[in-house]
Visitor: 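Shown below is the structure under consideration.
Residues: numbered from 1 along the sequence shown. All of these numbers come straight from a predicted model, not from anything done at the bench.
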Amino acid sequence: MIARAMEPLEKKIFKGVLVVELVGVFGAYFFFLFNKMNTIQDFRQTMSQKFPFILKVYYTSVERSGMHGVREKIKKNG
């Protein structure tokens with residue numbers, strides 16, 4: 001009887017751990033992508049050609065963090 005009462009709790013814990021793991025993986029990938037876009041100009045150019053919406057999100061997040069003029073500086077240099 002005790003084993004049956006523990007099953008729903010175990011499922012909830014497993015689902016919670018799974019969600020935390022997925023958030024961590026997506027967060028790490030987002031950080032990697034953001035860092036690469038922040039440092040490599042050729043990568044930004046490739047992203048603007050293949051996925052322009054990702055570049056728009058990048059520029060928006062950089063401007064909201066307080067670093068203004070990034071878009072203009074990139075256009076001026078390349």
Visitor: For the CZ atom of F30 and the CD1 atom of I54, what is their distance to the nearest 0.5 Å?
Guide: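 CD1 of I54 is found 10.0 Å from CZ of F30.
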Visitor: Can you name the nearest heavy-atom pair linking T39 to R44, along with the distance?
Guide: N-NH1, 4.2 Å
Visitor: Looking at side-chain heavy atoms only, is the closest gap between Y58 and L33 below 4.5 Å?
Guide: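 SC-SC contact between Y58 and L33 ruled out.
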Visitor: Calculate, to the nearest 0.5 Å, the distance between atoms OH and CE belonging to Y59 and M37 respectively.
Guide: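 So the OH of Y59 and the CE of M37 are separated by 7.0 Å.
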Visitor: If the plane angle is over 60° it's perpendicular, under 30° parallel, otherwise tilted; pick one for F32 and Y29.
Guide: tilted
Visitor: Indicate, with yes or no, if F53 and M47 share a hydrophobic cluster defined by side-chain heavy-atom contacts under 4.5 Å among Ile, Leu, Val, Met, Phe, Trp and Tyr.
Guide: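 Yes: a chain of side-chain contacts under 4.5 Å links M47 to F53.
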Visitor: Please indicate whether F51 has more than 12 foreign heavy atoms, meaning atoms of other residues, nucleotides or ligands, lying under 6.0 Å from its CZ.
Guide: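 No, CZ of F51 has 12 or fewer neighbouring heavy atoms, counting only those of other groups under 6.0 Å.
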Visitor: Indicate, with yes or no, if V62 and L55 share a hydrophobic cluster defined by side-chain heavy-atom contacts under 4.5 Å among Ile, Leu, Val, Met, Phe, Trp and Tyr.
Guide: yes
Visitor: In Å and rounded to the nearest 0.5 Å, what is the NZ to CG distance from K15 to L18?
Guide: 10.0 Å
Visitor: Membership question, hydrophobic clusters at under 4.5 Å side-chain separation (ILVMFWY): are V25 and F34 in the same one?
Guide: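 No; tracing contacts between hydrophobic side chains, which count when under 4.5 Å, never links both residues.
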